[in-house]
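Shown next, in structure tokens, is the structure this report addresses.
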Amino acid sequence: MDTLLPELVHSPKQIASLARRYQRIALVLQGGGALGAYQAGVYHALSEAGCEPNWLSGVSIGAINSSIIAGNHPENRLAKLRQFWETVSGRKIWAYTPDGDFFRVLRNHTSALMTLATGQPGFFEPRPLTPWFSPTGSEGATSYYDSKQLAATLQSVIDFDILNSQKTRLTVGAVNVRSGNFIYFDNAKEPIDVRHVMASGALPPALPAVKIDGEYYWDGGIVSNTPLQYLLELDDNLSSLVFQVDLFSARGSLPRDMRDVMGRHKDIMYSSRTRQNTDQFRKLHRLRRRLAAALAKVPPAHRSEDEERFLREMSGTAAVNIVHLIYQQRNYESHAKDYEFSGTSMREHWTAGYNDTKRTLRHPEWLNQPQSADGVVVHDLHRDDDT
């Protein structure tokens, strides 16, 4: 197992000072089941650096981590994250795992099979009767597992009064089962309760849809596994430092057997398209700037009220700095990595997130506001840092 890196080369005061130059510090968390402990490790390092987010946004397990952070005072957030992850990863697999990839593969395989067979403590459990034999329209006919345990677990780690105080903005993504439309539940627009968090992580056919105000919702990852685009499309024009944490990598090796094929398929299917989203954002921003430049050449007397408003908006276009962290799969992990909840793997994932963030914060220049005409810049530790 990895060891934690030493303290930051640059002081937390310096990192926090750089971050505070932005009007918004956002933590954007992708879905990925058991891999979500990596995101907890990222927050752990950010918290130590005094870089607390004022906006959290997530899908699936990212929505759960986001809600735990937003639903607690800063001094309690790490403890509640640990409580959640130690609860859902609390089942002992082996008393001891010998060193070497062969034994780790065997341990992870055993853990994943136990999850499939018996569920996960504090999270979900198998239904007494398979949904294939349950009466159509009955509670157990549309999912293999019952997620009622998760509701109790979330209530124990999230203070929804704090979450809805709007001191920290929270958005979680889900999919309306009937319409197929993606929806963001946003505490700036409506109160968030345990149903909204569970809806974002209700991945079919494993978990049941969650009913909210007469509609049923599934895991937001079915449509979009990261809510970055929601933030980029907002019209609030705030300078933003965004830490986006992905759990599946779009880049990977050519598969060599069926296990590799299954794992690569899942990575591609659930990986976010950060580069695509930011490229589109750059193009739109560049187009808007060119339009503004053309409008500025028109005499004011000939400009409409809407055109004047557009010019005022463009005059203060805010910068967006995206720091992208992506979990790097280990050689002994398989396609089951997102439902392999052993305590050992959880601690490995947490430590990996912590260390990756420490390495990222060793580049304080990455936190500077972008000066490019596009107004958006992306830093990716695993592409930009070869140390």
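For the single chain, residues carry numbers from 1 onward in sequence order. Because the structure is a prediction, the values reported are computed rather than measured.
Using cut-offs of 30° and 60° on the angle between ring planes, the pair H363 and W366 is parallel.
Under the 3.5 Å distance criterion, the side-chain polar atoms of N54 are matched with a main-chain donor or acceptor of I25.
Under a cut-off of 6.0 angstrom, the local environment of CD in E305 is sparse, with at most 12 non-hydrogen atoms contributed by other residues, nucleotides or ligands. Shown here is Y216, whose OH atom has no more than 12 heavy atoms of other residues, nucleotides or ligands within 6.0 Å. Within 6.0 Å of the CD atom in E139, the count of heavy atoms belonging to other residues, nucleotides or ligands does not exceed 12.
Note: the hydrophobic cluster containing L116 also contains F341 (ILVMFWY, side chain heavy atoms under 4.5 Å, direct or indirect links). By the criterion of side-chain heavy atoms lying less than 4.5 angstrom apart, applied directly or through intervening Ile, Leu, Val, Met, Phe, Trp or Tyr residues, F160 is grouped together with V210 in one hydrophobic cluster.
The only member of E333, K337, E340 that meets side-chain hydrogen bond (donor to acceptor under 3.5 Å, both in side chains) when paired with H349 is E333.
Judged by distance alone, the side chains of Y43 and E52 do bring a donor and an acceptor atom under 3.5 Å apart.
Ion pairing of D101 with R104 is absent here, as no side-chain N (NZ or NE/NH1/NH2) approaches a carboxylate O to less than 4.0 Å.
Rounding to the nearest 0.5 angstrom, the gap separating the CG atom in N321 from the CG atom in L18 is 10.5 Å. Rounding to the nearest 0.5 Å places CD of Q120 at 10.0 Å from OH of Y145.
D186 meets the salt bridge (Lys or Arg N to Asp or Glu O under 4.0 Å) test with R169; sequence neighbours excluded.
Taking every heavy atom of both residues into account, A352 and R330 meet most closely at CB-NH2, 4.4 Å.
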